[in-house]
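Quick note: residue numbers are just sequence positions, from 1. What you see below is based on every heavy atom in this structure, not just the backbone, and it leaves out hydrogens, waters and symmetry mates.
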Amino acid sequence: MEIRVNHLCKSYNGASVLRDVTFTAGDGVTCVMAPSGCGKTTLLRILLDLETADSGTVSVPEGCRWAAVFQEDRLLEQLDAAGNLRFILGREYDGARAAAVLTELGLGDVGGKSVRAFSGGMRRRLALARALLARSDALALDEPFAGLDGETRQRAWSCILRRRGQRPVLLVTHDEEDAAGLGAQIVRLA
């Protein structure tokens, strides 16, 4: 599957955020890199059809289902890790598969602890587990490694590479190490 972005432009109140962005993302990891405030999240929001570009086109195969990690974790505070996954995955929830992904991400021992008591890094890993377990054709990851230490970050990279299957992964980050750890094709926004 290929995702094509052609001459995409977006402005807010006359200030240009995305200027003539063009790239193709196929099987593998594509890392969109730029300093903070340069339109990385806006680009993902356009791809996810949550915002509209001012001009240019995005070509995503018809019926493409996305799974995403947003900048905000968007978790249900009162539920534990399994409860959050069950809520999102519904009938697709597979306890053994969920437990395996949580273990890979270093969350196998959190038991019934509510998300309210999770650290920021634990929340990010749960949000990542949710995206990896969701039935989808493509993954959009917005700064998924924020708050993770080096070892945990490497575990997350390995989990993504093992669990992505044939799905294209669009990763937004400003960290070169994340792109390298995932063997990503790099797209730089100006």
Side-chain angles (χ1 to χ4, degrees), residues 1-5 8 18 21 23-34 39-51 53 58-75 81 84-90 92-94 97-107 121-148 152-189:
M1 170 173 31
E2 282 191 341
I3 297 162
R4 293 190 176 134
V5 176
L8 204 65
L18 296 173
V21 175
F23 68 92
T24 300
D27 185 31
V29 180
T30 300
C31 181
V32 178
M33 298 192 76
K40 299 182 304 288
T41 296
T42 298
L43 174 62
L44 281 189
R45 291 180 57 79
I46 291 169
L47 289 170
L48 293 169
D49 208 20
L50 299 172
E51 285 196 42
V58 173
S59 298
V60 178
E62 177 120 8
C64 178
R65 295 167 301 177
W66 288 90
V69 173
F70 295 95
Q71 282 185 341
E72 319 78 32
D73 298 318
R74 300 182 182 192
L75 300 170
N84 268 273
L85 296 176
R86 265 194 302 282
F87 183 83
I88 293 300
L89 301 173
E92 309 247 330
Y93 178 78
D94 175 333
R97 189 167 167 249
V101 171
L102 290 172
T103 298
E104 279 183 60
L105 291 170
L107 294 173
M122 292 169 74
R123 290 168 181 261
R124 290 310 283 164
R125 288 179 280 155
L126 179 54
L128 180 57
R130 180 182 59 204
L132 289 170
L133 287 165
R135 181 180 290 193
S136 66
D137 303 306
L139 294 169
L141 309 176
D142 195 349
E143 301 284 359
F145 311 117
L148 301 186
T152 306
R153 201 177 206 113
Q154 288 177 7
R155 286 178 87 154
W157 297 338
S158 295
C159 188
I160 290 169
L161 292 173
R162 271 194 303 277
R163 300 277 178 176
R164 74 173 182 81
Q166 299 302 307
R167 298 179 283 188
V169 177
L170 287 165
L171 168 69
V172 161
T173 187
H174 59 272
D175 193 316
E176 299 273 350
E177 193 176 348
D178 291 335
L182 289 164
Q185 165 195 340
I186 297 176
V187 173
R188 295 190 190 277
L189 301 182

Check your understanding: Does the side chain of Leu141 come within less than 4.5 Å of Val29's, by heavy atoms?
Key -> no

Practice item. Could you please spell out the steps behind the side chain to side chain contact (heavy atoms under 4.5 Å, CB included) verdict for Leu50 and Phe70? Key: CA-CA 12 Å; Leu50 299 172; Phe70 295 95; 3.9 Å; yes

Review point. Would you call Leu18 and Ile46 a side-chain contact if the rule is heavy atoms closer than 4.5 Å?
Key: yes

Check your understanding: Among Thr30, Leu139, Leu132, which residue meets the side chain to side chain contact (heavy atoms under 4.5 Å, CB included) test with Val169?
Key -> Leu139

Check your understanding: What are the two closest non-hydrogen atoms of Asp27 and Gly165, and how far apart are they?
Key -> OD1-O, 4.2 Å

**Study point:** Crowding at CZ, Arg65 (>12 non-hydrogen neighbours, <6.0 Å)
**Key:** yes

Review point. Looking only at heavy atoms, which two atoms of Ala129 and Leu85 are closest? And how far apart?
Key: C-CD2, 4.2 Å

Check your understanding: Roughly how far, to the nearest 0.5 Å, is CH2 of Trp66 from CG of Leu44?
Key -> 7.5 Å

Review point. Has Phe87 got more than 12 heavy atoms of other residues, nucleotides or ligands less than 6.0 Å from its CZ?
Key: no

Review point. Closest heavy-atom contact between Arg124 and Gln71?
Key: NH1-O, 3.3 Å

Point to revise | Atom pair CD1 (Ile3) and CZ (Phe23), whose distance is rounded to the nearest 0.5 Å | key: 8.0 Å

Exercise for review: Mind listing the closest non-hydrogen atom pair of Pro61 and Glu2 along with its distance?
Suggested key: CD-O, 3.4 Å

Check your understanding: Are any non-hydrogen side-chain atoms of Lys40 and Asp142 less than 4.5 angstrom apart?
Key -> no

Review point. Take atom CZ in Arg4; do more than 12 heavy atoms of anything else shown fall under 6.0 Å from it?
Key: no

Check your understanding: How about Leu43 and Val32: do any of their side-chain heavy atoms sit closer than 4.5 Å?
Key -> yes

Check your understanding: Is Glu92 salt-bridged to Arg130, going by a charged N under 4.0 Å from an acidic O?
Key -> no

Point to revise | Pairwise distance CG(Leu89) to CG(Asp94) - rounded to 0.5 angstrom | key: 9.5 Å

Point to revise | Validation row: Glu104, Ser158 side chains within 4.5 angstrom (heavy atoms) | key: no

Practice item. For atom CG of Asp49, decide whether the heavy atoms of other residues, nucleotides or ligands shown that lie under 6.0 angstrom number more than 12. Key: no

Check your understanding: Measuring from Leu105:CG to Met122:CE, what's the distance to the nearest 0.5 Å?
Key -> 11.5 Å

Review point. Cation over ring, Arg153 on Phe145, under 6.0 Å and within 45°?
Key: no

Point to revise | Close side-chain approach of His174 to Glu143, heavy-atom, < 4.5 Å | key: yes

Check your understanding: Would you say the side chain of Leu126 lies within less than 4.5 Å of the side chain of Leu107, judging by non-hydrogen atoms?
Key -> yes

Review point. Does Val187 reach the side chain of Leu170, with side-chain heavy atoms less than 4.5 Å apart?
Key: no

Exercise for review: Check Ile186 against Met33 and note the closest heavy-atom contact, atom names and distance.
Suggested key: CG2-SD, 3.9 Å

Exercise for review: I would like to know whether Cys31 and Asp178 meet side chain to side chain contact (heavy atoms under 4.5 Å, CB included); could you show each step before the answer?
Suggested key: CA-CA 9 Å; Cys31 181; Asp178 291 335; 5.9 Å; no

Review point. Counting distance only, does the side-chain N/O of Arg125 pair as donor-acceptor with the main-chain N or O of Leu102 below 3.5 Å?
Key: no

Check your understanding: Looking at Ala134 and Ala67, what are the two nearest heavy atoms and their distance?
Key -> CB-CB, 4.0 Å

